[in-house]
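Below: one structure, written as structure tokens.
Side-chain atoms are counted along with the backbone in the values below, which use heavy atoms only and exclude waters and symmetry mates. All ligand and atom numbering here is 1-based and tracks the order in the structure.
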Amino acid sequence: MYKVDYHVHAKFSFDSTTEYLDQFNAAKEKGINDIIFTEHCECNLESATPPEMPIRPLFDHEGYWNYIKNFRDTSGLDFGIGLELGQANQEPERAKMILESHEWDFIICSLHNMRKEYDFSLLNYPERDIDKTFRDYLMEIYEIAEQNLFCVLGHIYYPLRYIKAQGFDLDYKKYDAEMAQILKLVAQNGKGIEINISEKSYNKSKEDWNFHLRYTKMFRELGGEIMTTGSDGHTPDAVGKNIDDATEILKEAGFKYVSKFRKMKPTFEKI
Ligand SMILES: [Zn+2]
Ligand SMILES: [Zn+2]
């Protein structure tokens, strides 16, 4: 069974201090066949920072590229160099400029905050209309799907992580029609989705399993062929974690292959 971890953070992400070599070795120890580093590159920091928090400088994609390319060349290790591009729909010119700046192996597009809103992890759900929040989120995800800059669409269930963490149980099945529109467009464009099996939203329960299975299956039924799996690990302990489960979910959904990426092009590895 070929296993990929294509959602890996390390020290160039603002929320990790892990060395690349430590992430690489930890993933290999867990039997991961191929990894791609996907550091956070948020396109819109000014509008998404609460007033009491300092605005982080924009991601230094040049510094990251130079550092990790040099590390790959000098170490001789085989891994991919990618980005998790956040909110590309809100700053499309900046997103395109970053994408065209280097020969990336893999791009995930994610949405961590909506226009003029803070990260979903910072929202106060008891004060909000959660149904509207989730619908608005899916509309922005649709914009990202239309923009079509990515290899895979990242953790499409992201707000549910934090809605659940604040004690609300949103029935995500209510949004199947919106989800299907997004997945259909991604499939038609020949792009993929990831199973983001982050420990923040997956606790090995049947409920969590079914949640990933539902949309993986839906994507396949809508003609989707490209799937990747990712731990969203920021530390050696988390990298590669639950990738076995994610790969099993892929199989249960009817996929026979996981996609391997280099230079933005997929090949298919048997699972
Ligand atoms: Zn993310
Ligand atoms: Zn991530």
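For residue H112, an N/O/S atom approaches the Zn ion (ligand 1) to within less than 2.8 Å. Counting backbone and side-chain atoms alike, H9 contributes an N/O/S atom closer than 2.8 Å to the Zn ion (ligand 2). For a distance bound of 2.8 Å, the N, O or S atoms of H40 include none lying that close to the Zn ion (ligand 1). For a distance bound of 2.8 Å, the N, O or S atoms of H234 include none lying that close to the Zn ion (ligand 2).
Distances from the Zn ion (ligand 2) to the N/O/S atoms of D232 are shortest for OD1. The closest approach of E84 to the Zn ion (ligand 1), by N/O/S atoms, is made by OE2.
Taking the six-membered ring for Trp and the full ring otherwise, H112 and F120 have centroids separated by 6.0 Å or more. Ring centers of Y215 and Y157: under 6.0 Å apart, within the cut-off. Aromatic pair H40/F59: ring centres not closer than 6.0 Å.
The main-chain N or O of F261 is found under 3.5 Å from a side-chain atom of Y6 such that the two form a donor-acceptor pair.
The minimum heavy-atom distance linking Q90 with N44 is given by the pair OE1-ND2, 3.0 Å.
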